[in-house]
Amino acid sequence: MEIKLVKNILDVNDKLAEENKTLFRENKVTAINIIGSPGSGKTTLLLKTIEALKDELNIQVIEGDIASSIDAETISKKDVEVVQINTEGECHLDANMIKQALKNLDLKPGLLFVENVGNLVCPAEFEIGEDFKVAVLSIPEGHDKPYKYPLIFSKAKAVVVTKSDLLPYIDFDMNAFRSGLASLNQDCRVFVLSAKTGEGMQEWIDWLRQIRP
Ligand SMILES: Nc1nc2c(ncn2[C@@H]2O[C@H](COP(=O)(O)OP(=O)(O)O)[C@@H](O)[C@H]2O)c(=O)[nH]1
Ligand SMILES: [Mg+2]
């Protein structure tokens, strides 16, 4: 009985996610669902990405947090359109939340970044109509995360390994990380970068310039 209920919830979610996707197609929007732990560097990565691309592409942002509008306020300082969703306890964004947020966004052809609630588990389970999932993993979290949280690493189109400036101080085994990821997902791009120093950012930016649904 309980299993049936969970399946129904996901069925309804998937239907709404398809509606969101249709809206993205109609408006020539590439939607990117950014998923990573709290503090992994998602907002900082977005800020640097916006700085690099906003003169050549329309960029819009949906921020998901359990509470507060801190991240939306930070993003709006970059002069891009941003909507904050407060999930009030839910550990992930779902398709209905995105559908409601889209009522407050005047979609423009370009990139829509969705910063999901900080969490490596639940956000991976809920489609929101995105074109791609991008996982963000910071060096201090450790190289074992693909082994422990396989779902997000198997679904991600790309993994951004952030805070590479901390590599000299932390025992992060890049080979172990890469082989863990490769065992789950052979087509995944990996970007190792520091939003702080700018090292490795160019490759990520160039990838964003050319990705299309
Ligand atoms: N050393 C270093 N710190 C970073 C980097 N990116 C983000 N941070 C810091 O990590 C903390 C969390 O970053 P934030 O972007 O808010 O993470 P979020 O919770 O995933 O959105 C902040 O103190 C950032 O300044 C980085 O590339 N290198
Ligand atoms: Mg954030």
Side-chain angles (χ1 to χ4, degrees), residues 31-50 61-75 82 84-95 97-98 101 112-128 130 132-185 188-197 199-201 203-204 207-208:
I32 301 173
N33 186 2
I34 309 270
I35 298 176
S37 300
S40 54
K42 300 179 296 300
T43 306
T44 311
L45 177 69
L46 273 183
L47 287 172
K48 297 292 176 178
T49 303
I50 290 165
V61 178
I62 295 176
E63 282 290 338
D65 280 292
I66 287 177
S68 91
S69 56
I70 293 172
D71 282 358
E73 283 161 27
T74 310
I75 296 286
V82 53
Q84 176 83 50
I85 299 172
N86 278 162
T87 63
E88 296 177 348
E90 291 291 335
C91 56
H92 59 269
L93 295 174
D94 65 28
M97 294 177 200
I98 298 298
L112 171 68
F113 290 105
V114 180
E115 179 178 343
N116 216 309
V117 179
N119 186 329
L120 275 178
V121 187
C122 322
E125 289 170 21
F126 285 78
E127 300 299 315
I128 55 172
E130 73 274 58
F132 308 115
K133 292 178 176 64
V134 170
V136 174
L137 174 71
S138 63
I139 294 295
E141 290 169 74
H143 53 256
D144 56 359
K145 294 302 165 291
Y147 300 90
K148 291 187 172 180
Y149 302 96
L151 188 62
I152 179 55
F153 290 97
S154 63
K155 286 187 171 180
K157 182 84 173 168
V159 178
V160 180
V161 181
T162 55
K163 311 194 188 183
S164 64
D165 55 293
L166 299 180
L167 271 168
Y169 313 104
I170 293 191
D171 294 330
F172 186 99
D173 182 338
M174 195 59 78
N175 288 334
F177 162 74
R178 283 185 187 274
S179 52
L181 180 62
S183 70
L184 299 163
N185 186 341
C188 191
R189 286 293 307 265
V190 177
F191 302 97
V192 181
L193 58 81
S194 167
K196 184 177 169 137
T197 66
E199 180 194 24
M201 280 291 296
E203 217 183 317
W204 158 247
W207 183 74
L208 288 173

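Just so it is clear, the structure is predicted and the values come from calculations on it, not from any experiment.
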Where does the angle between the aromatic ring planes of His143 and Phe172 fall among parallel (under 30°), tilted (30 to 60°) and perpendicular (over 60°)?
perpendicular
Salt bridge present between Lys155 and Glu127 (N-O < 4.0 angstrom)
yes
Heavy-atom side-chain proximity of Trp204 to Val134 below 4.5 angstrom:
yes
Taking all atoms of both residues into account, what is the closest heavy-atom pair of Thr87 and Val117, and its distance?
CG2-CG2, 3.9 Å
With a 4.5 Å limit on heavy-atom distance, are the side chains of Arg178 and Val192 in contact?
yes
Tell me the closest heavy-atom pair linking Asn86 and Gln84, and the distance in Å.
ND2-NE2, 3.8 Å
Ion pair present between Arg189 and Glu203, side-chain N to carboxylate O less than 4.0 angstrom?
yes
Using modelled atom types only, decide if a donor and an acceptor are shared between the side chain of Thr162 and the backbone of Ser40 within a distance under 3.5 Å.
yes
Counting C-beta onward and ignoring hydrogens, is there a side-chain heavy-atom pair between His92 and Glu125 closer than 4.5 Å?
no
Is any side-chain heavy atom of Phe177 closer than 4.5 Å to one of Leu137?
yes
Closest heavy-atom pair and its distance - Phe153, Ala135
CE2-CB, 4.3 Å
Could you tell me if the side chain of Ile85 sits less than 4.5 Å from the side chain of Ile98, heavy atoms only?
yes
Thr74 and Glu63, any side-chain heavy atoms less than 4.5 Å apart
no
If you look at every heavy atom in Ala156 and Cys188, which pair is closest and at what distance?
O-SG, 3.6 Å
How about Thr43 and Asp71: does a side-chain donor come under 3.5 Å of a side-chain acceptor?
yes
With heavy-atom distances below 4.5 Å as the criterion, would you say the side chains of Glu141 and Leu120 are in contact?
yes
Side chain to side chain, Asn33 and Pro123, heavy atoms closer than 4.5 Å
no
Heavy atoms only: give me the nearest Ala195-Thr44 pair and the separation to one decimal.
CB-CG2, 3.8 Å
